[in-house]
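The structure appears right after this line, and notes come after that.
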Amino acid sequence: MRIHDTLMRRTVDLVPREPGKIAMYVCGVTPYAPAHIGHARTAVVYDLLRRYLRSAGYTVTYVSNYTDIDDKIIQRAQDQGIAPLDLSTRYIGEYLEDMAALNVLPPDVTPRVSESIPDIIDLIGRIIANDHAYVSSDGVYFAVRKFSRYGRLSGRSVDEMRSGARVEVNEAKEDPLDFALWKFAKPGEISWDSPWGRGRPGWHIECSAMSLRHLGAGFDIHGGGEDLIFPHHENEIAQSEAALDGQQFVRYWMHSGMVNMGGEKMSKSLGNVMTVRELLEQYPGQVIRLYLLQTSYEKPLKFSLSGFGQAFASYERMAEFEAFLQELGQSSHDGVDPEIESTCSGFLSEFDASLADNLNTSRALASLYEFMTRIRRMASEHGLAKLDASCALEAFRSRLWVLGLDQTSEYVRHKTGLLADKQHELEEAAAEVGAAADDHGSARDLLDAIVAKRRAARETGQFDLADQIRERLRSIGIALEDGVDGVRYRIRG
RNA sequence: GGCGGCAUAGCCAAGUGGUAAGGCAAGGGUCUGCAAAACCCUCAUACCCCGGUUCGAAUCCGGGUGCUGCCUCCA
């Protein structure tokens, strides 16, 4: 496949370190607040990459960390009077729930900073031994000017950065650009012993230590949000390669785009966040995931609620199509139609080629929609029910899995939940139309009773009454569809 | 101030030199008791503006305008 590499600044062929194997590391979250839609986007993008690579036959090792020790966690834990690690553990739990709702597969390894201290200390030791870092009054610092390639990833020179003048003034540093590898503990702060004094790791060194620990030097893909390019990833390269004696740290760098809220980047520090939890109250996780996959992963995504409405309609079409194929699978078949087979194989190759092209999800989705239309057209023109369309179901489901949109049943469950929410309204409607139902019947029972009442009306030619009942249900957001084999309902809004 | 990115129909969005994918919405039709769903048809002489290169540009170059990212914690 081809991917856009940030360091080389172009789209290149992905050539793994070891044939058939991909080792990837993605910077995870700092768990001190609920995850927002921007975190979700990054997680979904790399989950897609992993799923695609796996479907393309690679054995993928996916590592993503938790920065469970940092200034904000310490601060917030202090405010709440609890231990920092208790706070981060709580938010990691919430994060895992959110990701599960979005059908993000758990990474193979999820190291935490607090459990990686020995690796971090070891790495800092090697950097000092190679004369790329020094011990100062309040910590250990990396000497940026001793690393000649510094600035290559973010495309700026050391002198440019210097004139930026936004670098913090700190007497302990030999150069304003130097950054902390190890921060000596302030009284009362969580800390660990080290050869240089008690303290805790700086942010950047953690990811170098954890990725090298689990994947080794020269691993294939390092990803993250594009806001991490500078300084985080720039620093990671510098530290790691300073310790690796000339070996390459990472083969390919990938960065996913930001989610913008009202024109600017959504971020905790700006306070303009839409959390995954808030969204999940309104939309099934699969709809949120589809929303995120509609845009190329590298481009900024303008958050808009109307976009979720559109994604909802699109996902419903997918779920309905799958249900349609499943029903077909149960009918009797005369054999295999070559037209169906060629449609299936055409879809598969177009879909796979789209994702192989730097994860072009827009194109992959287009091929999916076209496939649905083609199969439906054959069904309405030649009566597909007589033929074996199992290859269509197989092809459709397999690529839905790659997109992580295969949880159509989760989506149906969400809609069932919506039906349950209408219990009270259904009771009123049932009473109004005179449908006989148990006093303590479920929402589904109530709906069934109303539908039975309407069926009776239709069978006796009382179409006015039937339409009235349908209209009443529509008024509470339930749409009825009369099909040849019975009545279906769908929840609107 | 420095270094980047983006600008395609009502909305979302692909396409980076060969004459505008796809989705949502909308309108018309088939089907239906009527609807809905499904299917068919329609829906950008046109890709922010002005120049230029080219047989040919949404795509390349120059100049504008607008929005935006990084330079500080950030996915």
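Letters A, B, ... mirror the listed sequences (proteins, then strands); counts begin at 1. All values reported here derive from a predicted model rather than from experimental measurement.
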For the side chain of [X], starting at C-beta, report the closest nucleotide among [options].
X: Arg156(A); options: C70(B), C11(B), G33(B); result: C70(B)
X: Met258(A); options: A75(B), A38(B), U68(B); result: A75(B)
X: Lys299(A); options: A75(B), G23(B), A7(B); result: A7(B)
X: Arg317(A); options: C40(B), G23(B), C73(B); result: G23(B)
X: Arg376(A); options: U72(B), A75(B), A38(B); result: A38(B)
X: Cys27(A); options: G33(B), A75(B), C39(B); result: A75(B)
X: Val29(A); options: A75(B), G33(B), C12(B); result: A75(B)
X: Ser362(A); options: C12(B), A14(B), C39(B); result: A14(B)
X: Phe230(A); options: A38(B), C70(B), G15(B); result: C70(B)
X: Glu370(A); options: A21(B), C73(B), A14(B); result: A21(B)

request  = Would you please say whether a donor-acceptor pair under 3.5 Å links the side chains of Ser390(A) and Asp388(A)?
outcome  = yes
key: Check: Arg472(A)/Ser475(A) side-chain N/O donor and acceptor closer than 3.5 Å   = yes
key: Pairwise 5' ranking along RNA chain B for Met372(A) and Ile229(A), keeping only the more 5' one   = Met372(A)
Under 4.0 Å between any heavy atoms, over every strand shown, what does [X] touch: base, sugar-phosphate, or nothing? Just pick one.
X: His36(A); value: base
X: Ser380(A); value: sugar-phosphate
X: Val259(A); value: base
X: Arg454(A); value: base
X: Ser296(A); value: sugar-phosphate
X: Gly307(A); value: nothing
X: Gly28(A); value: sugar-phosphate

With rounding to whole Å, what would you report as the distance between [N] and [M] at their [atom1] atoms?
N: U8(B); M: A14(B); atom1: C1'; result: 10 Å
N: U53(B); M: G63(B); atom1: C1'; result: 15 Å
N: G2(B); M: C43(B); atom1: P; result: 48 Å
N: C60(B); M: U16(B); atom1: P; result: 9 Å
N: A58(B); M: G64(B); atom1: P; result: 23 Å

Whole-Å distance separating the [atom1] atom of [X] from the [atom2] atom of [N]:
X: Asn360(A); N: A13(B); atom1: CG; atom2: C1'; value: 10 Å
X: Glu481(A); N: C34(B); atom1: CD; atom2: P; value: 17 Å
X: Arg200(A); N: C73(B); atom1: CZ; atom2: P; value: 13 Å
X: His39(A); N: C73(B); atom1: NE2; atom2: P; value: 15 Å
X: Asp227(A); N: U72(B); atom1: CG; atom2: P; value: 13 Å
X: Leu301(A); N: C11(B); atom1: CG; atom2: C1'; value: 14 Å
X: Met274(A); N: A75(B); atom1: CE; atom2: P; value: 18 Å
X: Tyr315(A); N: C12(B); atom1: OH; atom2: P; value: 24 Å

ask   = Would you say the ring centroid of Phe308(A) lies under 6.0 angstrom from that of Phe303(A)?
value = yes
query = Do Tyr25(A) and Tyr62(A) have their ring centres less than 6.0 Å from each other?
reply = no
query = Any ion pair linking Arg374(A) and Glu350(A) (charged N to carboxylate O, less than 4.0 Å)?
reply = no
query = So, is Thr295(A) close to the A13(B) phosphate, meaning a side-chain N or O under 4.0 Å from OP1 or OP2?
reply = yes
Check whether the side chain of [X] and the base of [N] form a donor-acceptor pair under 3.5 Å.
X: Asn260(A); N: G69(B); value: no
X: Asp70(A); N: C73(B); value: no
X: Gln310(A); N: C11(B); value: yes
X: Arg470(A); N: A35(B); value: yes

key: Asp68(A) side chain vs Ser88(A) backbone, donor-acceptor pair below 3.5 Å   = no
query = Taking Lys453(A) for the side chain and Ala435(A) for the main chain, is one N or O donor matched with an acceptor at less than 3.5 Å?
reply = no
request  = Would you verify whether the NZ or CZ of Arg156(A) falls within 45 degrees of the ring axis of Phe230(A) while also being under 6.0 Å from that six-membered ring's centre?
outcome  = yes
task = Using the aromatic ring of Phe463(A) (for Trp, its six-membered ring), decide whether it stacks on the base of G33(B) within the limits of 5.5 Å and 30°.
result = yes
